[in-house]
Asker: 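A single structure is presented below for examination.
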Amino acid sequence: MLNYIENTHFQVRNFDENEIIYYSGARCDYLNLLLEGEVRGELFGENGKTIIVDIITPNNTFAEAFLFSTDAIFFVNVIAAKPSKILSI
């Protein structure tokens, strides 16, 4: 098990408030864990207004449904609602 963990590719990234983390249509290649901050998933409605579809708080994963889907594509924009730190595995 330790050998597996030592050889696992991961990265910790920091994002400023309102910074785009992932754009809708981007490939989802990582499982993401929010370590600090707050992240929201949003898309644009038919009237052009922003619709918030999810708010992620620390110690929660996000985008796992996209990661394990057939296409592995984000269908929402993922944005840092507050300064955030994310672990991507």
Side-chain angles (χ1 to χ4, degrees):
M1 182 72 161
L2 184 59
N3 185 41
Y4 177 76
I5 292 170
E6 289 173 348
N7 292 313
T8 300
H9 173 74
F10 69 92
Q11 56 184 331
V12 175
R13 299 177 298 157
N14 293 296
F15 295 90
D16 294 325
E17 185 174 349
N18 293 320
E19 188 173 354
I20 302 286
I21 299 168
Y22 296 106
Y23 285 98
S24 178
R27 281 207 42 84
C28 182
D29 294 322
Y30 300 99
L31 177 65
N32 296 282
L33 173 65
L34 182 61
L35 301 173
E36 298 174 5
E38 185 176 280
V39 170
R40 68 180 182 265
E42 62 183 36
L43 49 81
F44 295 104
E46 291 180 16
N47 60 2
K49 292 188 177 184
T50 300
I51 300 170
I52 297 173
V53 295
D54 200 6
I55 296 176
I56 299 96
T57 55
N59 301 317
N60 287 294
T61 59
F62 64 94
E64 56 273 21
F66 304 136
L67 179 63
F68 297 111
S69 71
T70 305
D71 296 327
I73 301 291
F74 284 93
F75 75 89
V76 299
N77 292 317
V78 180
I79 300 167
K82 298 178 181 176
S84 299
K85 182 180 287 190
I86 297 171
L87 169 66
S88 299
I89 304 170

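Both backbone and side-chain heavy atoms feed into the values below; hydrogens, waters and symmetry mates do not.
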Asker: With the side chain counted from C-beta on, respond yes when Asn60 and Leu34 share a heavy-atom pair under 4.5 Å apart, and no when they do not.
Answerer: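 Side chain of Asn60 against side chain of Leu34, heavy atoms only: no contact under 4.5 Å found.
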Asker: Which heavy atom of Ser84 sits nearest a heavy atom of Gly37, and at what distance?
Answerer: OG-CA, 3.7 Å
Asker: Step by step, work out the side chain to side chain contact (heavy atoms under 4.5 Å, CB included) result for Arg27 and Ile73.
Answerer: CA-CA 5 Å; Arg27 281 207 42 84; Ile73 301 291; 3.9 Å; yes
Asker: Find the distance between CD1 (Ile21) and OG (Ser88) and round it off to the nearest 0.5 Å.
Answerer: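 Between atom CD1 of Ile21 and atom OG of Ser88 there are 9.0 Å.
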Asker: When you measure from the side chain of Glu19 to the backbone N and O of Glu17, does any donor-acceptor pair fall under 3.5 Å?
Answerer: no
Asker: To the nearest 0.5 Å, tell me how far Gln11 CD sits from Asn32 CG.
Answerer: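 Reported to 0.5 Å precision, the distance equals 9.0 Å.
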Asker: Heavy-atom distance under 4.5 Å between the side chains of Val39 and Phe15, does that happen here?
Answerer: no
Asker: If you look at every heavy atom in Asp16 and Ala80, which pair is closest and at what distance?
Answerer: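 Smallest interatomic distance, heavy atoms only, reads O-CB, 3.3 Å.
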Asker: Given side chains that start at C-beta, do those of Arg40 and Asn18 come closer than 4.5 Å, heavy atoms only?
Answerer: yes
Asker: First locate atom CD of Glu42, then atom CD1 of Ile55, and finally report the distance between them rounded to the nearest 0.5 Å.
Answerer: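 Going from the CD atom of Glu42 to the CD1 atom of Ile55 covers 10.0 Å.
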Asker: Roughly how far apart are Thr50 OG1 and Ile79 CD1, rounded to 0.5 Å?
Answerer: 7.5 Å
Asker: Kindly compute the distance separating CZ (Phe62) from SG (Cys28), expressed to the nearest 0.5 Å.
Answerer: 8.5 Å
Asker: Considering all heavy atoms of both residues, which atom of Ser69 and which atom of Ala72 are nearest to each other, and what is their separation?
Answerer: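 Nearest pair, atom of Ser69 first, then Ala72: OG-N, 3.0 Å.
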Asker: Do the non-hydrogen side-chain atoms of Ile89 and Leu33 ever get within less than 4.5 Å of each other?
Answerer: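 In short, these two side chains do not touch, never coming nearer than 4.5 Å.
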Asker: Cluster question for you: counting only ILVMFWY and a side-chain heavy-atom cut-off of under 4.5 Å, with indirect links fine, are Tyr23 and Ile51 together?
Answerer: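 Different hydrophobic clusters.
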Asker: How many angstroms lie between CD1 in Ile86 and OH in Tyr22, if you round to the nearest 0.5 Å?
Answerer: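 These two atoms lie 6.5 Å from each other.
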Asker: Is there a chain of hydrophobic side chains (I, L, V, M, F, W, Y, each step under 4.5 Å between heavy atoms) that links Ile52 to Phe44?
Answerer: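 Not linked; separate clusters.
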Asker: Taking Phe74 as the fixed residue, which of Asp71, Asn77, Val78 is the one that meets the side-chain contact (heavy atoms from CB on, under 4.5 Å) rule?
Answerer: Val78
